[in-house]
Amino acid sequence: MVGTGGSGAAEVRTVPVAGGPAHVIASLPSGALVLGSGFGKLAVGGGAGSLQVIDLASGAIASYAIGPSSGPAATLFGGAFSPDGRRFAFVSATSTPFSATLQVVDLVTKALTTVRSFSTNTLDVPQRWNPDAMVGTAIVGFADAGPQALVRLDPTSGARLVSTDVKGSGAVALSADGVHAAVSLHNHLGDDGDSVGGPGPPQPFNTLRTAAIGSPPADAIQEAHHQVVPLALSATGDTICYTDDPAAGAFAGISQSPSFGLFLRSGTTSTQLAHWDGSRWDRGVFVGSAVVLANHTSAAEKLELVSAGGAPSTLDTVSGGDQPVFLGLA
């Protein structure tokens, strides 16, 4: 398991899911963006349109020149390692003038291939690369519009094979099989005034939806005055780990309420894993039937493990302020 956190420059840390101390692999400069992980590697977008791939065993860093040699630097979006771990796919884009392409870099030869060019700023961004398809979301580049669609892409041409419209959605969780997804959405349930407003899609996200990519989404949960966010989806899409926070603010007794906190949902049954305590669950990833989650408290970032539907246990703690966190399987 790999995560980033810390104050100032971010740390790349590996943590054994079975337990044991975290190992600090490297530090990332301020502004670096983690794009993806897998095959013992971590891909990071740096400044000036550069891509760096960190070997999580040795800490060695390989750099790749991305984008034009002159003019505005490219911004990198998304990212996924190929099924053999030899290549890495991502979207490279500039805002002014606008230009965007789906690119694949060979991590051994460093050869860069343009797979697809985008004529508009709606970008199909890969997040997984399975043997049959790249899987990800369509986003509006350089905007706060939120995800526009769930997409499966041809790995050779980058063309859409199938898609599901999710305009207006917030967070997205994708299954490892590249077929299923869970998303959050705002419906008009009489709680529009709970949201402080933009940017981004309307809130609160009071509806949790599921979808097989290529088919319309189906509502799983609708609860007025709730902020429901999917954190992780099991490999075959049958179990969702999600957080449910109060959209209208805390109230007396909320810390013991069965309606708010951290949950697992399998089929139509939701099981509360932790009561609401004011902390923020940021991200999650399934490891078999267990879930590893990033939890932000007022004093630290914590890596928590939930096994067999039990209570969360702490794997790692990083002191400091509110830090962006990326979780991925190493």
Side-chain angles (χ1 to χ4, degrees), residues 1 17 128 135 147 150 164 166 168-191 194 203-248 250-251 253-295 302-315 327 329:
M1 179 62 56
V17 174
R128 297 185 182 277
V135 184
L150 311 170
T164 293
V166 293
S169 295
V172 173
L174 296 170
S175 63
D177 65 10
V179 175
H180 303 92
V183 301
S184 55
L185 180 78
H186 174 71
N187 273 317
H188 298 293
L189 304 179
D191 56 359
D194 291 352
Q203 296 189 48
F205 296 130
N206 52 29
T207 301
L208 180 67
R209 314 185 85 190
T210 60
I213 302 176
S215 300
D219 292 343
I221 299 173
Q222 284 194 330
E223 296 182 298
H225 307 294
H226 286 240
Q227 182 84 347
V228 184
V229 178
L231 300 173
L233 191 61
S234 63
T236 54
D238 54 354
T239 304
I240 308 168
C241 183
Y242 68 94
T243 184
D244 192 335
D245 291 347
F251 55 85
I254 190 175
S255 63
Q256 295 303 311
S257 170
S259 300
F260 297 93
L262 181 70
F263 294 85
L264 278 182
R265 183 176 180 86
S266 182
T268 60
T269 302
S270 291
T271 302
Q272 188 180 49
L273 303 175
H275 288 292
W276 185 86
D277 62 2
S279 64
R280 188 184 72 231
W281 299 94
D282 283 328
R283 294 175 180 267
V285 60
F286 271 86
V287 184
S289 61
V291 191
V292 178
L293 299 150
N295 182 220
K302 293 184 176 182
L303 199 63
E304 306 271 7
L305 173 69
V306 179
S307 298
S313 60
T314 301
L315 292 173
L327 294 182
L329 296 178

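Computed from a predicted model, the values in this text were never measured in an experiment.
- For the atom pair Ser255 OG and Phe260 CZ, the distance stands at 12.0 Å (nearest 0.5 Å).
- A parallel orientation is assigned to the rings of Tyr242 and Phe263, their planes being inclined by less than 30° (bins at 30° and 60°).
- Between Gly178 and Val135, the shortest heavy-atom contact is O-CG2, 3.5 Å.
- Minimum heavy-atom separation, Leu293 to Gly284: CD2-CA, 3.7 Å.
- The side chain to side chain contact (heavy atoms under 4.5 Å, CB included) check on Thr314 picks up Lys302, Glu304, Thr317, with sequence neighbours excluded.
- Between Leu262 and Asn295 the shortest side-chain heavy-atom distance does not fall below 4.5 Å.
- Residues Leu303 and Leu327 are in side-chain contact: their nearest non-hydrogen atoms beyond the backbone lie under 4.5 Å apart.
- The two residues Ser169 and Val166 make their nearest non-hydrogen contact at OG-O, 2.8 Å.
- Taken from CD1 in Ile213 to CG in Asp177, the straight-line distance is 8.5 Å, to the nearest 0.5 Å.
- A donor atom on one side chain and an acceptor atom on the other are not found under 3.5 Å apart for Asp191 and His225.
- Partners of Phe286 by ring-ring contact (aromatic ring centres under 6.0 Å, His included), not counting sequence neighbours: none found.
- In this structure, His226 and Ile221 have side chains that are not in contact, with every pair of non-hydrogen atoms separated by 4.5 Å or more.
- Annotation: side chain of Pro147 is not in contact with side chain of Val183 (no heavy-atom distance under 4.5 Å).
- Side chain of Gln227 to backbone of Pro246: no donor-acceptor contact under 3.5 angstrom is found.
- Interatomic distance, NE2 of His180 versus OG1 of Thr239, reported as 11.5 Å (0.5 Å rounding).
- The salt bridge (Lys or Arg N to Asp or Glu O under 4.0 Å) search around Asp238 returns none, not counting sequence neighbours.
- In this structure the side chain of Asp244 never reaches within 4.5 angstrom of the side chain of Ser259, judged on heavy atoms.
- Once rounded to the nearest 0.5 Å, the distance linking OG1 of Thr243 with CG of Leu231 reads 6.0 Å.
- Of all non-hydrogen atoms in Ala182 and Leu233, the two that sit nearest each other are N-CD2, 3.9 Å.
- Looking only at side-chain heavy atoms (C-beta outward), Asn206 and Asp194 stay at 4.5 Å or farther from each other.
- Listed here is the closest heavy atom pair of Ser307 and Ala290: OG-CB, 3.9 Å.
- Within the 3.5 Å criterion, the main-chain N or O of Gly237 finds no donor-acceptor partner in the side chain of Ser175.
- Remark: side-chain polar atoms of Gln272 are paired, donor with acceptor, to backbone N or O of Ser257 under 3.5 angstrom.
- Leu208 contributes atom CG, which lies 4.5 Å from atom CD1 of Ile240 (distance to the nearest 0.5 angstrom).
- Here the side chain of Asn187 pairs no donor or acceptor atom with the backbone of Leu189 at under 3.5 angstrom.
- Taking all atoms of both residues into account, the shortest heavy-atom contact from Val285 to Ala232 is N-CB, 3.8 Å.
- Expressed to the nearest 0.5 Å, how far CG of Leu150 lies from CG of Leu174 amounts to 6.5 Å.
- Using a 4.5 Å cut-off on side-chain heavy atoms (C-beta onward), Arg209 and Ser184 make no contact.
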